[in-house]
Each structure stands twice: as C-alpha cells, then as structure tokens.
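Before any comments, here is the structure.
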Amino acid sequence: MTIIEPHIHMYSRTTDDYEAMYAAGIRACVEPSFWLGANRRYAGTFFDYFKLILEFETVRARRFGIDHYAAVSFNPKEAENTPLVDEVLAGIDAYLDHERCVAIGEIGYNNINDAEQYAFRRQLEIAKDRDMPVVIHLSHYEKPKCLERMLRDLDAVGIDQRKLYLDHNTEETIGRALHETDCMCGLTVYPISKLTPERVSAIIREHGADRIIVSGSADWGVSDPLALVKVVETMRRDEHEAATIDKLVFANANRFYGQSPRWKPQLNIAPLDPHEFQR
Ligand SMILES: [Zn+2]
C-alpha cells in the first residue's frame, strides 16, 4: 500500500525511521515548520531552519526512497513574540518561493490569545495573496474554543477554505470542522496523547473519509512515524472499504497538496545503498 504522510517533523527523526517508513510503504511526506524545543531568539535561526527542512531534509529523505516536501511559517508555539513574528514574516518570501515549499504552515493557536491571533491572521493573509495551501494547527487544549475562534479568523480574512488543512481534530471538533468549513480536516495519531487508530476508525465510521486526512505528526516527543501504517491495519481489521482507507492515507493528502503546482510526488524513488552516501 502506498502512503503519503502529510504532516511529520523528520528534522527530529533518525535514519532508522526513514528506513522503516519506506519499508512500510510511505513514499512521500510533508514537513511543516514547527517549534524546535526552545523558543528561538533570532529571525536568522528561523531562516536557517526553513532552509534545512526545504533542502537538506529533502536530500536525506530521497536517499531512503521518500519524496519530501516542506511548509514554512512562524509556528503558533512561539507566536506571542510579536516583534519576532514581524521580523520573520518580513523575510519569509524567499522560503515560500522555494521549489520544495508546498504550503504555509503550520500556523494557528497554542495558548489561544490575541498575540497568536495576530500571527495567524497575518499568515492567512499571506497565503491568500499567494494562493497557497495552509497547514493549520488546532491547539491541544480547549479545542472547541480554539475552533470557534479560528472560524471567525477564516471569515475575517475571507480565505478559500478548500486550501486549508485543519489538523489535530478530535471527536470534540471533527463534526463542526466538517460541517461548518470547506477545509480538509486532519486527525493526528499519537501513541499516548492525541488519537489512537481505534478512535480514528470510529470517527471515520461516523463521518466518512471524503474530507479527512490522518497524520502521525511525529517529532522528538513520544510519537510514531509509522502511525499511518497502524491506522491502515486497524481500519482493515474493522472492515472499512479499501477505497476509504486509500482516501485517508493517500488520495486526500495527494488532492490537498495537489493544489500547489509544486506538489508532484515521485513515488518510485529507489533507496540508495548507504555506502554511497556515507560522506
Ligand atoms: Zn506538527
């Protein structure tokens, strides 16, 4: 089975993860920019990181047979530092123009406050001007309140919601996200926090899979780069149709990112012999 991982932070993963992902059928992925474990103090640190995920990480993934794209943005977890938001957004164009950049993201809310709203709306405006897809991060706490506030932001900016991938929904928000927006709606599977494959399976049983994408969203925390493989196994066990599973782990992500002209995933990259790149 061919899988697209639509939201994963490979920057914090090892080569073992790439090997396991390839072996399990993951052939393309998108890495949204995010927090690095400590708040950055300089705009230059953001720019170097954007370049790393757009260039080095893409080369590294390709060695293991995976076509890697990235999304760049000022992430919500650091977005209370408004002067730094302004400085980074003043210099972000070169990275948004990069051939491997397929979206702006992830952007959204963490603590759900006015400073984060400023960064969120400014970047929605940039996405609207550029007609680029956006990866949106719903807060991990008070999700219904966060969604409520986001819906007002989306209205205020007047952005085309079909270009938005609204990630980190749970049972608390998925119904509203599907019925009150045109967004592609994301579910995130984590080993401990967030959703389990069983909960994803139950959500799909209730809501269908026409506008839902699943991601593993793996980073340096307790997370799993093979989360989607476990979703596939659980969904098969629960007797979902093959077409439903394909939408969730391949077709919907392919359709969503296909709204960027740069998204042309190459699904047949042959992994290199590690001896060829040990330099
Ligand atoms: Zn993320």
Side-chain angles (χ1 to χ4, degrees), residues 3-14 17-18 21 26 28-40 45-46 49-50 52-54 57-58 61 66 68-80 88 92 95-96 100-112 116 119-120 123-124 127 132-141 143 146-147 150 164-170 173-174 177 183-196 200 212-228 231 248-249 252-253 256-257 260:
I3 296 172
I4 294 171
E5 170 50 84
H7 180 162
I8 190 163
H9 302 286
M10 293 311 298
Y11 183 81
S12 55
R13 307 303 306 196
T14 65
D17 292 326
Y18 272 124
M21 287 164 69
I26 298 174
C29 67
V30 177
E31 170 147 15
S33 60
F34 199 53
W35 189 60
L36 291 181
N39 288 359
R40 280 160 278 200
T45 324
F46 281 85
Y49 165 67
F50 295 159
L52 277 168
I53 61 172
L54 287 162
E57 206 53 56
T58 291
I66 295 176
H68 173 285
Y69 291 84
V72 302
S73 69
F74 198 106
N75 72 82
K77 211 166 154 70
E78 290 166 80
E80 290 174 53
V88 170
I92 204 169
Y95 306 95
L96 294 174
R100 301 303 295 189
C101 179
V102 291
I104 293 181
E106 49 196 296
I107 60 173
Y109 286 104
N110 180 46
N111 292 323
I112 321 180
E116 291 171 5
F120 183 49
Q123 293 180 95
L124 286 174
M132 283 180 82
V134 186
V135 181
I136 296 180
H137 170 102
L138 262 173
S139 65
H140 293 307
Y141 309 97
K143 284 179 186 285
C146 180
L147 178 61
M150 278 181 172
L164 311 178
Y165 163 21
L166 179 56
D167 204 3
H168 307 320
N169 283 282
T170 64
T173 56
I174 190 70
C183 301
M184 187 63 83
C185 300
L187 303 173
T188 308
V189 174
Y190 259 35
I192 299 172
S193 55
K194 305 198 173 88
L195 295 172
T196 59
V200 168
I212 298 182
I213 312 187
V214 183
S215 78
S217 197
D219 49 27
W220 54 88
V222 180
S223 50
D224 183 0
L226 302 182
L228 295 192
V231 169
L248 266 192
V249 302
N252 288 353
F256 177 77
Y257 287 116
S260 165

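Scope of the values below: all heavy atoms of this structure, side chains included, with no hydrogens, waters or symmetry mates. As the structure is a computational prediction, the values presented were derived from the model and not from experiment. Just so you know, ligand 1 is whichever comes first in the structure, and atom 1 is the first atom listed for that ligand. Sequential numbering from 1 along the given sequence is applied to the chain's residues.
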Note to self: Are Phe46 and Tyr95 an aromatic pair, judged by ring center distance below 6.0 Å?
What the structure shows: no

Check: In the shown structure, where waters are left out, how many protein N, O or S atoms lie under 2.8 Å from the Zn ion (ligand 1)?
Finding: 3

Notebook entry, point to check: Are any non-hydrogen side-chain atoms of Pro6 and Phe256 less than 4.5 angstrom apart?
Noted result: no

Next item on the list: Look at the side chain of Gln123 and the backbone N and O of Phe74, then say whether any donor-acceptor pair between them is shorter than 3.5 Å.
Entry: yes

Margin query: Does any part of the side chain of Ser33, heavy atoms only, come nearer than 4.5 Å to the side chain of Tyr49, both counted from C-beta?
Written below: yes

Item checked: Minimal non-hydrogen separation, Ser223 against Arg13, with atom names -> OG-NH1, 3.2 Å

Notebook entry, point to check: So, do Glu31 and Arg100 sit near enough that their side-chain heavy atoms are less than 4.5 Å apart?
Noted result: no

